[in-house]
Amino acid sequence: MSRTSRQPSSLLRAAACTGVAALALTACGSGSESGTASAGSGSVKVGLITKTDTNPFFVKMKEGAEKAAKDNGAELSTAAGKFDGDNAGQVTAIENMVAAGVKGILITPSDSKAITPAIEKARAKGVLVIALDTPTEPESAVDALFATDNVKAGELIGEYAKAAMKGKDAKIATLDLAPGVSVGVQRHNGFLKGFGIKEGDPSVVCSQDTGGDQAKGQTAMENCLQKEPGINVVYTINEPAALGAYTALKAKGREKDVLIVSVDGGCTGTEAVKDGTIAATSQQYPLKMAAEGVKAVVTFAKDGKKASGYTDTGVTLITDKAQDGVTSKDTAYGLENCWG
């Protein structure tokens, strides 16, 4: 899924990397960090390719993979796109990792369709390929998928928003990801389902793409308010977009009377739920995705058993304003399990 960076120091490190270095077998690091967890020669080689190496979600995913590699005696190589959507960079990373002799590759696809030919080539050479977080199109292009049920994530916040409105007429703005990106489509559709409406319902008065970016989220919200000043429910693809929407609403004096719901469960987003900026979010668990992926590659290397199908790594609705009939946990739980 497209997610946005909010860590200036990481951005500076990323900017210092050349296009080649950013997609080399080890991601750019700082100080003594190399981005590789080494277990010595002869250990199982595992590759991790994320959409970027600056977004806190992927930073946490890398941490999970590094710990799992260390615990399982594996050697981890990492790579990342130069920007969210850098399919060419991810293709290069796959090719480099296959050439380096990895036994398995874990990948969060930037382009779910365009990456599949490179994945097919890797699998044809005996490399186990597991998608993390974002499914490929088709999903069968990889051996397995370890991810949040994004439809369920959207459905949970849709159900919450419906209950929180308590029968009031809704004027909804959806701040989405980008056309055709599976994670964004699934979350959007899940929200509509949870709210009890379908695509094209007149209660959705504005839909804008944000790329999951905070600044673009603010601009999208400003555009929606110009189109329909009476918006009272805002669905956002992720928490950076939600925070951008909040900024736009606050500028219009509307921050107290508009319900914002989102997906991700990062620490900044969970804090925003705690302080009331966001009403609720669906929390997902990137560390678990990566850790389970590494273990699956090690198992494959040892006994030839391939992971297959879809493994749901969990999602939890986080809010301090629980609604009847909607299962949730409070922000104390959310902050204990957040990332970033």
Side-chain angles (χ1 to χ4, degrees), residues 1-4 55-58 60-61 108 132-135 145-165 172-177 181-197 210 212 214 217 233-246 258-289 310-340:
M1 187 206 91
S2 177
R3 305 173 200 281
T4 59
N55 185 302
F57 185 90
F58 299 123
K60 181 58 66 175
M61 184 175 281
T108 60
L132 305 181
D133 178 55
T134 304
L145 168 67
F146 292 0
T148 306
D149 182 339
N150 283 293
V151 173
K152 182 179 180 182
E155 194 170 347
L156 284 172
I157 57 169
E159 291 173 352
Y160 177 89
K162 181 71 172 181
M165 289 299 287
I172 303 168
T174 68
L175 303 192
D176 298 304
L177 184 55
V181 179
S182 57
V183 169
V185 172
Q186 290 167 358
R187 292 184 183 182
H188 174 98
N189 291 344
F191 170 79
L192 297 182
K193 181 181 178 183
F195 204 89
I197 57 179
T210 68
Q214 185 165 336
V233 177
V234 179
Y235 153 82
T236 68
I237 180 64
N238 66 1
E239 291 147 5
L243 294 173
Y246 177 83
V258 177
L259 183 78
I260 303 175
V261 293
S262 194
V263 178
D264 260 357
C267 294
T268 296
T270 305
E271 287 284 1
V273 174
K274 184 177 181 180
D275 68 24
T277 299
I278 302 171
T281 193
S282 287
Q283 186 172 70
Q284 54 180 343
Y285 305 103
L287 190 151
K288 183 177 180 180
M289 295 176 197
Y310 167 59
T311 298
D312 184 354
T313 52
V315 62
T316 306
L317 182 70
I318 303 297
T319 183
D320 284 333
K321 298 178 180 178
Q323 299 296 321
D324 291 342
V326 184
T327 302
S328 64
K329 292 189 178 293
D330 63 17
T331 54
Y333 176 91
L335 290 170
E336 287 176 0
N337 293 278
C338 66
W339 43 268

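Residues: numbered from 1 along the sequence shown.
The line from CE of M165 to CD1 of I172 is 8.0 Å long, rounded to the nearest 0.5 Å. In this structure, OG1 on T281 lies 10.5 Å from CG on L156, to the nearest 0.5 angstrom. For the atom pair OG of S328 and CG of D320, the computed distance is 9.0 Å after rounding to the nearest 0.5 Å. The CD atom of E336 lies 10.0 Å from the OG1 atom of T331; values are rounded to the nearest 0.5 Å. Distance check, rounded to the nearest 0.5 Å: CE of M289 to OG1 of T311 gives 11.0 Å. Between atom CD of residue Q186 and atom CG of residue L177 there is a gap of 11.0 Å, rounded to the nearest 0.5 Å.
Residues Y310 and D149 form a side-chain contact, since some pair of their non-hydrogen atoms from C-beta on lies under 4.5 Å apart. For the pair Y235/D176, a side-chain contact is recorded, criterion being any heavy-atom separation below 4.5 Å from C-beta on. In this structure the side chain of T313 never reaches within 4.5 angstrom of the side chain of Q284, judged on heavy atoms. Residues I237 and R187 form a side-chain contact, since some pair of their non-hydrogen atoms from C-beta on lies under 4.5 Å apart. Side-chain contact check for Y333 versus I318: some heavy-atom pair is nearer than 4.5 Å. Taking the side chain as every heavy atom from C-beta outward, F57 and D133 approach each other to under 4.5 Å. For the pair P286 and T148, the minimum side-chain heavy-atom distance is 4.5 Å or more. Looking at V258 and Y246, their side chains never come closer than 4.5 Å, going by heavy atoms from C-beta outward.
With respect to I260, the side chain to side chain contact (heavy atoms under 4.5 Å, CB included) criterion is satisfied by exactly one of V233, V234, L243, V273: V234.
For residues 150-160, the salt bridge (charged side-chain N to carboxylate O under 4.0 Å, His left out) pairs, not counting sequence neighbours, are E155-K193.
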Audit row: Y285, N337, side-chain contact (heavy atoms from CB on, under 4.5 Å) steps and yes/no: CA-CA 8 Å; Y285 305 103; N337 293 278; 3.9 Å; yes
Verdict with supporting geometry, T319 and Y160, side chain to side chain donor-acceptor pair (under 3.5 Å): CA-CA 9 Å; T319 183; Y160 177 89; 3.2 Å; yes
Derivation and outcome, side-chain contact (heavy atoms from CB on, under 4.5 Å), residues T270 and Q283: CA-CA 8 Å; T270 305; Q283 186 172 70; 3.8 Å; yes
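Closest non-hydrogen pair, A241 versus L175, comes out as O-CD1, 4.3 Å. Nearest approach of L145 to P135, heavy atoms of both residues: CD2-CB, 3.7 Å. Listed here is the closest heavy atom pair of A164 and L259: CB-CD2, 3.9 Å. Heavy-atom minimum distance, A161 versus F191: CB-CE1, 4.2 Å. In terms of heavy atoms, V315 sits closest to A153 at CG2-CB, 3.8 Å. Considering all non-hydrogen atoms of both residues, L317 and S282 come closest at CD1-OG, 4.2 Å.
Taking the salt bridge (charged side-chain N to carboxylate O under 4.0 Å, His left out) definition, one finds that K288 meets it with nothing, sequence neighbours left out. Evaluation of the side-chain hydrogen bond (donor to acceptor under 3.5 Å, both in side chains) rule for S262 yields T236 as partners, not counting sequence neighbours.
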